[in-house]
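Below you'll find the structure, written out as structure tokens, and then a few comments.
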2 protein chains.
Amino acid sequence: MSEVTIKSIAKALQLSPATISRALNDSHEIKQSTKDRVLAYAKAHNYQPNTFAKNLKTGKTNLIGVVIPFLSSPFFLEFIEELYKAVLPLHYTLLPFQTQNQEKLEEEALHFLLSQNVAGIISSPAHENSNITLLKRIHEFHCPIILFDRIQHSLDTHKIGIHNSLETYNATEELIKKGRTKIAFLCGKDIGNTKDRIRGYKNALLNHAIPFVEDYVIYADYQNPNEAIDSEIRQVLCDLQQRDLLPDAIVGGTDTLSIKILGVLADLHLAVPEDVAVIGFTNTNLADYLNPALSTIRQPTQKMAQLAVELLLELIEKKRHNTEIAYKSYLLPSHTVHRKSSAI
Amino acid sequence: MSEVTIKSIAKALQLSPATISRALNDSHEIKQSTKDRVLAYAKAHNYQPNTFAKNLKTGKTNLIGVVIPFLSSPFFLEFIEELYKAVLPLHYTLLPFQTQNQEKLEEEALHFLLSQNVAGIISSPAHENSNITLLKRIHEFHCPIILFDRIQHSLDTHKIGIHNSLETYNATEELIKKGRTKIAFLCGKDIGNTKDRIRGYKNALLNHAIPFVEDYVIYADYQNPNEAIDSEIRQVLCDLQQRDLLPDAIVGGTDTLSIKILGVLADLHLAVPEDVAVIGFTNTNLADYLNPALSTIRQPTQKMAQLAVELLLELIEKKRHNTEIAYKSYLLPSHTVHRKSSAI
DNA sequence: TTGTAGGCGTTATCAG
DNA sequence: CTGATAACGCCTACAA
């Protein structure tokens, strides 16, 4: 790394390393003239403090670990981008990791973050209670953790998300009000918020006296490769069609699925929204340009990210002072944009 | 961090720290039985080596810095995802940074990576010769750097990209062969590969005796916010339309612009491909679902990422042994997919 | 206001 | 094969 160290500066300026260290840290016990000399020299010789030594000594970092399922999902991507914006002025650095929804990879990511001695972690867990023991241990003994999006996880901490059942209820109801009755719900297998979203979907049907059809809840397994998911969904729809049970509307329960379904329906030569109306959870900026333009339930990624950082820094501060903490769940309002795919 | 250290293990097992260290590192000078004892104890007590101490001592890490302009650009996103896949089995960890095409942010990212003592860096520079002095210094004195995509940068190192002028030539020629003559080229201002792409575009016109119109090269400034870019492009097209110079085809020179232009054309009530045919550089998986399906020139992100990792590790190895290195540029073949937007 | 000395956890050198 | 010792660069009592 760098050759210029506190020691070398000390030698050059005929001062002790301690003085240099204090001067660089702007300690009040160093007189201004000395500080000036040291700072000038440090700047001139491009002194870079050794992070590792500093960390070894202090046990603190300005790193924030981020653990998400997929970077390629528009929602998570947007969230991460907002996180970057939020931490930039605060001089914290993000260490982002993907779990691919796999508990094992999540565990590895968490271990790595521990080894980097991150100041805190922001995560959307792989599964409902994935790595709960590890997360609890980290949260209690190492650094605070904040959960977002998949907030059904039982870790006791601040959680940031949306009102999943309500949003799904509203989306489903909208389709009902437009006269659709054979409404399917497309959702991810083993994903934390799926349950809540299904609940909203079911409640909407119930309140409008539409019988719930088990087969209309379609699960996609994210462990499978992309093409497999596509053909799986297509197969399910074909089966339903043959049994004369083709849905006349679909609520997309995740980012990825909401987009995919457009392709599948096109493949099956079904017209959207005429044959099948679609509305889905997704944060893609391309919703307007999709074919047809996709009605979306958009999560407030910017607010979520800002709140996540704010709460995390607060926790980091409080942990230092051992303050008592009451954890809260923050359910932020989503924003539904109605486009052609549900314009019946 | 962790409470169990080499020292504590040494005490517990009545051995010296040196022996523990060697045992943990599987040194050949430690007898098997001792190794077994140590490893068993370490595992049982969940020993985690202290990265900072290790680094301080050895001066080495398993970190790879990644510096790209935007995460939100499909090409870069896909590249990063492939990088993750490539380094996962090799036990290297990625530190990704975005520069937003800003030299200043790029500089900060590089400095941070230096402070983390990364083993190597993979970067697509913000501008043609952005941070050249810093990059040279890093490459020479700290760790190897590999450039990709924007490989017109003058840093002397391995470079991985595509044959930009050729690909643009082909795309332009395709539109010409289909009878279009008023072909515009949409490109990013101050971006490394823009020049090459414009060259290919011009050559295609030249070889087909189509006069080059200065106004048909449309620059978008990535420093502006998204909406500004949109309205800027719309304005340019409106102007051209009023002067009766509306293009009948557009070649999109970047990921973002290629997608944006579809929205702009829709706004102007211009039919694609009937009024204006479009073909663009982009790696979005959604090309098929766009309205209309977008003809794309797709960069081979997987091969690029794999090659980048391979070459970087090779350089890291060679630097250790001070081997003489001959740097190469690798121009990988792109893959053009013809879809409706250019189906005239 | 500045200096001295010790130690964070690890590895490397040298000795036994 | 194992142990003692020093050192990586930094911070912080404690001393002066």
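Lettering follows sequence order; numbering is per chain, from 1.
Salt-bridge annotation for B:K318 and B:E314: present, with a side-chain N of the basic residue lying under 4.0 Å from a carboxylate O of the acidic one.
Between the side chains of B:N129 and B:S154, at least one donor N or O lies within less than 3.5 Å of an accepting N or O. Using modelled atom types and a 3.5 Å distance limit, the side chains of B:E82 and B:T301 yield no donor-acceptor pair. Under the 3.5 Å distance criterion, with hydrogens and angles disregarded, no donor-acceptor pair is assigned to the side chains of A:Q152 and A:N193. The closest side-chain donor-acceptor pair between A:N131 and A:R137, if any, does not fall under 3.5 angstrom. Between the side chains of A:Q98 and B:E81, at least one donor N or O sits under 3.5 Å from an acceptor N or O.
Applying the 4.0 Å criterion to OP1 and OP2 of D:dC1, one finds that B:T34 has every side-chain N and O outside that range. Neither OP1 nor OP2 of C:dT10 sits under 4.0 Å from any side-chain N or O of B:S21. Note on A:N25: a side-chain N or O is less than 4.0 Å away from OP1 or OP2 of D:dC11. In this model, the phosphate group of D:dA4 is not approached by any side-chain N or O of B:S16 to a distance below 4.0 Å at OP1 or OP2. In terms of phosphate contacts, B:T58 brings no side-chain nitrogen or oxygen within less than 4.0 Å of OP1 or OP2 of C:dT10. Regarding contacts with the backbone of D:dT2, every side-chain N or O of B:T19 stays at 4.0 angstrom or more from both OP1 and OP2.
Atom-to-atom, CZ of A:R37 to P of C:dT1 comes out at 15 Å; the value is rounded to the nearest Å. Note: CG (B:L56) to P (D:dA6) measures 17 Å, nearest angstrom. Computed from coordinates, the A:K60 NZ to C:dC8 C1' distance equals 14 Å when rounded to whole Å. Look at NZ on A:K35: it is 9 Å from P on C:dT1, rounded to the nearest Å. Atom P of nucleotide C:dT10 and atom NZ of A:K54 are separated by 22 Å, given to the nearest angstrom. Going from atom CG of A:N117 over to atom P of C:dT10 covers 13 Å, rounded to whole Å. The distance between atom CZ of B:F52 and atom C1' of C:dC8, rounded to the nearest whole Å, is 12 Å. For the pair B:I9 CD1 and C:dG9 C1', the computed distance is 11 Å after rounding to whole Å.
Taking the C1' atoms of five terminal pairs at each end of the helix from C:dT1-D:dA16 to C:dG16-D:dC1, the two resulting helix axes are inclined by 40°, rounded to 10°.
Dense packing is recorded around NZ of B:K35, with more than 12 heavy atoms of other residues, nucleotides or ligands lying under 6.0 Å away.
At the heavy-atom level, B:N55 lies nowhere under 4.0 Å from the strands shown.
Closest to the A:K7 side chain, of the nucleotides D:dC8, D:dG9, C:dT1, is D:dC8. For B:R22, the listed nucleotide lying nearest its side chain is C:dC14; candidates were C:dT10, C:dC14, D:dC11. Proximity note for A:T5 (side chain, C-beta onward) versus C:dG9, D:dC10, D:dC1: the nearest is D:dC10.
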- Item | Audit row: A:Y327, A:H139, ring pair (Phe, Tyr, Trp, His ring centres under 6.0 Å) steps and yes/no | CA-CA 12 Å; A:Y327 293 117; A:H139 190 59; 5.4 Å; yes
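Comparing B:K57 and A:A18 by the nucleotide of DNA chain D whose heavy atom lies nearest to each, the residue mapping closer to the 5' end is B:K57. Looking at which nucleotide of DNA chain D each of B:I20 and A:I6 is closest to, the 5′-most match is held by B:I20.
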